[in-house]
Structures are given as C-alpha cells and as structure tokens.
Amino acid sequence: MYKILIKVVVALSLLLGSHISFAAIEVHEFKSEIDRQRYQSFIDEMRCPKCQNQNLSGSDSPIAMDLRNELYLMIDAGKSDQEITNFMVERYGEFILYRPRLSPATILLWAAPVLLLVFGALFLWLLVRKRRRLAQEVETGLSQQERARLDALLNNDSNDKNKQEKSK
C-alpha cells in the first residue's frame, strides 16, 4: 500500500510539474523584419512597472505581457516610435524608460556623472597642491611667509653686493 501511495504522489507531482513547463510563449507575426526589430528594441529598452529593474522582454508578469501585446498592436497599427514612447510615458511615467529623456526633472540625473568627475578632479588637484606645499615647508623648515621674507632679504643682499662690486 505504501509503495502504491508513493507512485501516485510521484505521478501527480510529475503531471502537475509538467504544466509549469508549458508556460505560454508569445508569438507575434510582423509585417516586416523592421517591425520585428522595432518591437524587440522596445521590449529591451522598456522597464516592467511591476518588476522594477527588469525589462519587458525578461519579465513574466501579467502587466509585462499586456505591455508587450500593446506594443505589438501599436507597431502593427503603424504608430511611430515617438508616438509609442509618448503613450507609454504618459501612461506609466518616465520610470518605464531605461534611458529617461532629458527634461527639467531629469537634468540632475544626466548631469551628475559630469559634476562628480569635475568635483573629483578639483578635489584631487587641491589635495596634491596642499601636499606639495606641506612637503616643501617640511623640507625647508620654513613657512611660506618666512620663505618670502628670506627671499626678499637674499635679493636685497645680492643687490647690495652687486652695487659694492660695481663701485670698486
């Protein structure tokens, strides 16, 4: 009896598990290869609203399937790329785009890498400059003010010697 029960459980698990492997595969017929490429670029470049950081092509959520079908219908209807993008952004916000458009709301997002690079270079330049100045002070044992005073005295001293040699 125990062996029969195990066989029944194994058979049921195989039957139930096999339904999972028959997940729906979307097949869309396109009028041209260009339309297929446009569709593929859209589903690769648009983010699933539910899955956060997963594109539409890699998401199995119901909303991603709906969006893929919507994209197919819009491409099949002959809508332009700009019209499709505007529709999706209007409906789901800028978040749906992996590369958001440049606008007042996203200017910081686009400018941040450049600003970080400029501030990093400026910080590095100031740091190197300060270290060189400190190394020079340690080397001579004099501060900048003392060094300037010494240079002034040495220049006056050499000028006095030059005058004395000329007068002889």
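- We find the CE-CG distance between M46 and L56 to be 7.5 Å, quoted to the nearest 0.5 Å.
- Cluster membership for I63 and F87, using ILVMFWY side-chain heavy atoms within less than 4.5 angstrom, is shared.
- Within a 6.0 Å radius of CZ in R149, other residues, nucleotides and ligands contribute 12 heavy atoms or fewer.
- Rounding to the nearest 0.5 Å gives a distance of 15.0 Å between CZ of R47 and OH of Y92.
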* To do: Evaluate the criterion side chain to side chain contact (heavy atoms under 4.5 Å, CB included) for residue pair M88 and L71; output intermediate values, then yes/no.
  => CA-CA 9 Å; M88 290 295 188; L71 282 168; 3.7 Å; yes
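- Side chain of E45 to backbone of F42: no donor-acceptor contact under 3.5 angstrom is found.
- Interatomic distance, S32 OG to Q37 CD, rounded to the nearest 0.5 Å: 8.5 Å.
- Listed for the S41 side chain is a donor-acceptor partner under 3.5 Å among the backbone atoms of R38.
- Other residues, nucleotides and ligands contribute only 12 or fewer heavy atoms inside 6.0 Å of the CG atom of D60.
- D76 places no side-chain N or O within donor-acceptor distance of the main-chain N or O of Y72, the cut-off being under 3.5 Å.
- Here CZ of F119 is found 15.0 Å from CG of L124. Values are rounded to the nearest 0.5 Å.
- Annotation: the span from L127 atom CG to L122 atom CG amounts to 11.0 Å, rounded to 0.5 Å.
- With values rounded to the nearest 0.5 angstrom, I43 atom CD1 is found 12.0 Å from C48 atom SG.
- Under the side-chain hydrogen bond (donor to acceptor under 3.5 Å, both in side chains) criterion, N55 pairs with S57, sequence neighbours left out.
- Remark: L126 CG is packed, more than 12 non-hydrogen atoms of other residues, nucleotides or ligands lying under 6.0 Å away.
- Residues L73 and I75 are members of one and the same hydrophobic cluster, defined by side-chain heavy-atom contacts under 4.5 angstrom among Ile, Leu, Val, Met, Phe, Trp and Tyr.
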* To do: Show your reasoning for whether side chain to side chain contact (heavy atoms under 4.5 Å, CB included) applies to L67 and I96.
  => CA-CA 11 Å; L67 286 174; I96 199 160; 4.1 Å; yes
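- Residue I4 qualifies as open at atom CD1: its count of foreign heavy atoms under 6.0 Å is 12 or below.
- For E33, the CD atom counts as densely surrounded, since its 6.0 Å shell holds more than 12 non-hydrogen atoms of other residues, nucleotides or ligands.
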